[in-house]
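Computed from heavy atoms alone, side chains included, the values below leave out hydrogens, waters and symmetry copies. This is a predicted model, so every value here is computed, not measured.
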Amino acid sequence: MKFRITPLNFASACFIVLAIYIWINGAGVAGSKTIHLGTAMALIFLLFAFVVAFLDMMLRNFFPETKKLWLIELSFITLAAVIFLIVK
């Protein structure tokens, strides 16, 4: 199996690093000192990392060419960011 670096690899690695950071340092709601959501947020980011890694494996099977794979995955990341900003 040929190892290829793709944008979703970077995204899943960032989610894993973010989950570890939040698990170690914790996360809380801004303006409130009583709510501590470190473990729950870390588990959510680990779930995101798993979903992104699974999506990366699926897209690798559909698009064997690396150039097309990069284009599709960058388009997916851009679309997800735009939808996030619209909803926000």
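Two residues are said to be in side-chain contact when any heavy atoms from C-beta on lie closer than 4.5 Å; Phe76 and Leu8 meet this criterion. Using a 4.5 Å heavy-atom threshold, the side chains of Ile5 and Phe10 count as touching.
Both Met41 and Phe48 are part of a single hydrophobic cluster, where members link through side-chain heavy atoms under 4.5 Å apart. Under a hydrophobic clustering in which Ile, Leu, Val, Met, Phe, Trp and Tyr are joined whenever their side-chain heavy atoms come within less than 4.5 Å, directly or via other members, Ile44 and Ile22 fall into the same cluster. Ile72 is connected to Phe62 through a chain of hydrophobic side-chain contacts under 4.5 Å among Ile, Leu, Val, Met, Phe, Trp and Tyr, so both are in one cluster. Cluster annotation: Phe45 is connected to Ile77 through the hydrophobic network of ILVMFWY side chains, with a link wherever side-chain heavy atoms come within less than 4.5 Å.
The aromatic rings of Phe54 and Phe50 lie parallel to each other, their planes meeting at an angle below 30°, with 60° marking the opposite boundary.
Atom OG1 in Thr6 sits 9.5 Å away from atom CG in Leu55 (nearest 0.5 Å). The line from CG of Leu69 to CG of Leu74 is 9.5 Å long, rounded to the nearest 0.5 Å. Note that NZ of Lys88 and CD1 of Ile83 are 15.5 Å apart. Values are rounded to the nearest 0.5 Å.
Under the 3.5 Å distance criterion, the side-chain polar atoms of Trp23 are left unmatched by any main-chain donor or acceptor of Leu43.
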Verdict with reasoning, Ser12 to Asp56, per side chain to side chain donor-acceptor pair (under 3.5 Å): CA-CA 9 Å; Ser12 61; Asp56 183 41; over 6 Å; no

